[in-house]
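What follows is a set of notes on a single structure, which appears directly below.
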Amino acid sequence: MRKNIVAGNWKMNKNVIEAQQLMFQLLEYKKNNAANCEVWIAPPSLYLMMARDLYENNEIGVFAQDMSEHESGAYTGEISAGMLESIEATGTLVGHSERRQYHGETDAACNKKVKRALDMGLTPIYCNGETLDQRKAGQHLEVVKNQTEEALFTLSAEELKKVVIAYEPVWAIGTGETASPEQAQEIHAHIRSLIAAKYGQEVADEISILYGGSVKPDNAKEIFSQPDIDGGLIGGAALKMDDFAKIIEGFNS
Ligand code: PEP
């Protein structure tokens with residue numbers, strides 16, 4: 001179901017004490033403030049169980065930053081969908097640009113991961129987006145179309161409705177550069193129209209599409225106000241409670 005979401009991707013940051021502190025702060029914040037969106041976090045996998053135990057009433061969604069495309073076996077360093085399901089994680093990021101850039105993740109692999117996650121009842125947050133060169137060459141619509149189709153369009157309509165998409169232009173991630181609200185809206189509307197063309201408008205209207213790329217307290221509200229933007233995937237600004245809270249409040253009128 002389409003909903004407003006603010007999700008924090010902690011990447012490879014924070015030791016266990018710092019992680020626990022931020023998780024507590026988030027819980028306190030959620031208890032004391034009526035957020036107009038779902039609040040999710042993707043801490044390093046080492047801390048997932050700690051988050052799961054702390055958020056026992058599902059106040060905050062708990063996501064892995066990645067998971068294996070394989071079911072189980074000799075894949076050193078990986079974690080599986082079954083493991084995430086067994087700790088009652090909410091879901092996992094799939095295809096983050098840093099996984100694509102440093103670990104060669106392809107959309108074919110993303111497709112397998114999304115399916116495995118769904119089979120285990122997990123919510124995949126499928127990330128896509130163009131590089132700076134692709135944007136400069138005017139290829140952004142085409143790139144995002146190909147990524148979306150390859151990773152998602154083998155799913156049934158019922159499966160697709162359970163996926164969250166995060167459009168994250170690579171040139172805006174961690175760079176301080178943000179896509180303008182109009183640039184982001186253009187791609188979000190494009191993704192929704194691709195889904196509508198293949199699965200019908202009703203399905204397209206049910207899918208949450210998040211924007212990611214240097215979302216900060218001072219630009220969140222304007223980005224979230226775009227008609228096809230249903231929230232944000234937040235990197236750097238998710239690491240400080242004050243900044244993350246102000247971004248969540250981007251959904252307050
Ligand atoms: C991200 O890692 O998904 C991200 C959007 O990072 P940042 O907000 O730091 O650009």
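Computation of the quantities below employed the complete heavy-atom set of this structure, encompassing side-chain atoms and omitting hydrogens, waters and symmetry-equivalent molecules. Atoms within each ligand, like the ligands themselves, are counted from 1 in listed order. If you read the sequence from its start, that first residue is 1, and numbering goes on from there. Note that the coordinates shown come from a computational prediction; the quantities given were computed from them, not determined experimentally.
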Whether Glu158 and Lys161 form a salt bridge (side-chain N of Lys/Arg under 4.0 Å from carboxylate O of Asp/Glu) is what I want to check.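 Here Lys161 pairs with Glu158 in a salt bridge, since their nearest N and O are under 4.0 Å apart.
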
Taking ring pair (Phe, Tyr, Trp, His ring centres under 6.0 Å) as the cut-off, I'd like each qualifying pair that reaches into residues 14-52, sequence neighbours left out, listed once.
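Passing the test, one end in residues 14-52: Trp40-Phe63.
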
key: Inter- and intrachain pairs under ring pair (Phe, Tyr, Trp, His ring centres under 6.0 Å), touching residues 190-211, at least two apart   =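 Non-adjacent pairs meeting ring pair (Phe, Tyr, Trp, His ring centres under 6.0 Å): Phe153-Tyr199.
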
Check: For ligand 1, what are the residues with a heavy-atom contact below 4.0 Å?
Finding: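 Near ligand 1, by chain and number: Asn9, Lys11, His96, Glu168, Ala172, Ile173, Gly174, Gly212, Gly213, Ser214, Leu233, Ile234, Gly235, Gly236.
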
(Q) Tell me every residue that passes side-chain contact (heavy atoms from CB on, under 4.5 Å) with Asn36, counting only those two or more places apart in sequence or in another chain. (A)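 Counting only residues at least two positions away or on another chain, Asn36 forms a side-chain contact (heavy atoms from CB on, under 4.5 Å) with Phe251, Asn252.
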
Worksheet item: Any side-chain donor paired with an acceptor under 3.5 Å for Asn4 and Ser208?
Response: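 Distance-only check fails for Asn4 and Ser208.
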
Q: State, without any angle test, whether Asn128 and Arg100 hold a side-chain donor-acceptor pair at a distance under 3.5 Å.
A: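 On atom types as modelled, these side chains do not qualify, holding no pair under 3.5 Å.
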
